Amino acid sequence: MEYVFKEMIKRRIQPNLTTFNIFINGLCKAGKLNKAEDVIEDIKAWGFSPNIVTYNTLIDGHCKKGSAGKMYRADAIYKEMLANKICPNEITFNTLIDGFCKDENVLAAKKAFEEMQRQGIKPNLVTYNSLINGLSNNGKLDEAIDLWDKMVDSGLKPNIVTYNALINGFCKKKMMKEARKLFDDIDKQDLVPNAITFNTLIDAYCKDGMMEEGFALRNSMLYEGIFPNVSTYNCLIACLCRNQKVRAAKELLVEMENYGLKANTVTYNILIDGWCKVNDSSKAEKLLGEMPNVGVKPNHVTYNTLMDGYCMEGNLKAALKVRTRMEKEGKRANVVTYNVLIKGFCKQGKLEDANRLLNEMLEKGLNPNRTTYDIVRLEMLEKGFIPDIEGHLYNISSMS
DNA sequence: TAATTCTCAC
């Protein structure tokens, strides 16, 4: 991107505001949020002013790529936009609503929904879809259904995304009958289910112990001409793995490749986890070794999964070796890496080592997450200590 | 010529 931009200048082709907005979008999608914000200065230096697209792009960048406190920064950009006398539009609010929902802050999302109407902007299909999805994902199904009705009352017709969001909500609550009813309603509304619709249901049936139903849905996909994609196979492979059928899962990987679908990192992560869960982490490590041969790149999840496998087998040495292997590949330990190792050491009663890892994690500026607290709290309870106020980390070794 | 919504893996 930078090369093309320089080339443009070299050939004396004047960039315009659109050029800069595209640039910002690229930086945001690459997670380079600070660089993206710096482009605002370039825009001004070239004699332009950031417009609504500039701000919407930056807000969405923070919503999707930001770390802790990202919605605070997204909101700050929104305020900056107002200060610069740029009026927000429906896309601004849709972006914020989705961002708040993904941040599990449904309250703020609902406030944004109210605020947009107060400003005279009518919620559109995407607005409703974002909020219905947010409510569904946060267990507020009744509110999601109410909003669906409101949406219909306002003259908007639910589309396949709306259906997928609510179906997913029912699936997460294991209300498969209701999910199925919605699925059957799709045809009646002259809508067409897509791969996401099927994948949602397949995954839910599998997780609810109805593997047969999951595979049957896969077959009806082929029948209806909606082609199963890598995610479909990942759901089914995960299903087999959960039922300890790792060999059958590996066969399914071969089948998907015969259909011309390439396994991705998730596929391998599922299979690696599958071998780990049947206490065969060395087979899992063999799979890790196969990944480069088929052009699939391991990620943090890959290594963390394998480490967890070795830890659960009590093979801490092997787990630490995986960490070294990961770091050789240029991947730094993340919170999950530490959680996995801390849990592994706790399980072996090696509290001093667990504590050393905990401190190392804090020193590196990594923020403990809920799982970290759960591990520590569980360990304390087991040792007969009563955990104090939530949110406070203890030295594990002080218990020994 | 640029910006927004739905599924799966630690």
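Note that this is a predicted model, so its numbers are computed, not measured. Naming convention: chains lettered A, B, ... in sequence-line order (proteins, then strands); numbering from 1 in each chain.
Within 4.0 Å of A:Lys343, counting heavy atoms only, lies no atom of the nucleic acid at all. At a threshold of 4.0 angstrom between heavy atoms, the contacts of A:Asn159 with the nucleic acid are absent. The residue A:Asn339 sits apart from the nucleic acid: no heavy atom pair falls under 4.0 Å. Across all strands, A:Asn229 comes closer than 4.0 Å to no nucleic acid atom at all (heavy-atom distances). Across all strands shown, A:Asn334 has no heavy atoms under 4.0 Å from either base or sugar-phosphate atoms. Heavy atoms of A:Ile91 sit under 4.0 angstrom from at least one base atom. Within 4.0 Å of A:Lys277, counting heavy atoms only, lies no atom of the nucleic acid at all. A:Asn234 comes within 4.0 angstrom of a base, heavy atoms only. Among the atoms of the strands shown, only primed sugar atoms or phosphate atoms (P, OP1, OP2) are found under 4.0 Å from some heavy atom of A:Ser130.
Between B:dT7, B:dT5, B:dC8, one nucleotide has an atom nearer to the side chain of A:Ile196 than all others, and that is B:dT7. Listed candidates were B:dA9, B:dC8, B:dT7. Nearest to the side chain of A:Asn299 is B:dA9. When distances are taken from the side chain of A:Thr200 to each of B:dC8, B:dA2, B:dT7, the shortest belongs to B:dT7. Comparing B:dT7, B:dA9, B:dA3 by their nearest atom to the side chain of A:Asn56 picks out B:dA3. For A:Thr305, taking side-chain heavy atoms from C-beta onward, the closest of the listed nucleotides B:dT5, B:dC10, B:dC8 is B:dC10. When distances run from any side-chain atom of A:Ile22 to the nucleotides B:dA3, B:dA2, B:dC10, the shortest one goes to B:dA2. Side-chain proximity of A:Asp203 to the nucleotides B:dC8, B:dC10, B:dT7 is greatest for B:dC8. Comparing B:dA2, B:dC8, B:dA3 against the side chain of A:Asn51 picks out B:dA2 as the nearest. Looking at the side chain of A:Val336, the nearest of the listed nucleotides B:dC10, B:dT4, B:dA2 is B:dC10.
Spacing between atom CG of A:Leu201 and atom P of B:dC8 amounts to 12 Å, rounded to whole angstrom units. In this entry the distance linking CZ of A:Phe113 with C1' of B:dT5 reads 14 Å, nearest Å. The CZ atom of A:Arg218 sits 19 Å away from the P atom of B:dC8 (whole-angstrom rounding). Regarding A:Lys64, its NZ atom lies at a distance of 12 Å from the P atom of B:dA3, rounded to whole Å. The CG atom of A:Leu217 sits 15 Å away from the C1' atom of B:dC8 (whole-angstrom rounding). Counting to the nearest Å, the P atom of B:dT4 and the CE atom of A:Met116 are 16 Å from each other. As a whole-Å value, the separation of A:Tyr78 OH from B:dA3 P is 21 Å. Spacing between atom NZ of A:Lys172 and atom C1' of B:dC8 amounts to 10 Å, rounded to whole angstrom units.
A distance of 11.5 Å separates CG of A:Asn51 from CG of A:Asn84, quoted to the nearest 0.5 Å.
Evaluation of atom-type donor-acceptor distances gives a pair under 3.5 Å for the side chain of A:Asn89 against the base of B:dA3.
When the side-chain nitrogen and oxygen atoms of A:Asn25 are compared with OP1 and OP2 of B:dA2, none of them lie within a distance under 4.0 Å. When the side-chain nitrogen and oxygen atoms of A:Lys29 are compared with OP1 and OP2 of B:dA2, none of them lie within a distance under 4.0 Å. Applying the 4.0 Å criterion to OP1 and OP2 of B:dA3, one finds that A:Asn21 has every side-chain N and O outside that range. Using a 4.0 Å cut-off, some side-chain N or O of A:Asn137 falls inside it from OP1 or OP2 of B:dT7.
Donor-acceptor pairing under 3.5 Å is lacking for the side chains of A:Asn339 and A:Thr371.
Within a 6.0 Å sphere centred on NZ of A:Lys110, other residues, nucleotides and ligands contribute more than 12 heavy atoms. Counted within 6.0 Å of NZ on A:Lys70, heavy atoms from surrounding residues, nucleotides or ligands total more than 12; the atom is thus considered enclosed. Residue A:Lys150 qualifies as open at atom NZ: its count of foreign heavy atoms under 6.0 Å is 12 or below.
A centroid separation of less than 6.0 Å is found between the aromatic rings of A:Phe23 and A:Phe5.
Classified by interplanar angle (parallel below 30°, tilted 30° to 60°, perpendicular above 60°), the ring pair A:Phe113/A:Tyr128 is perpendicular.
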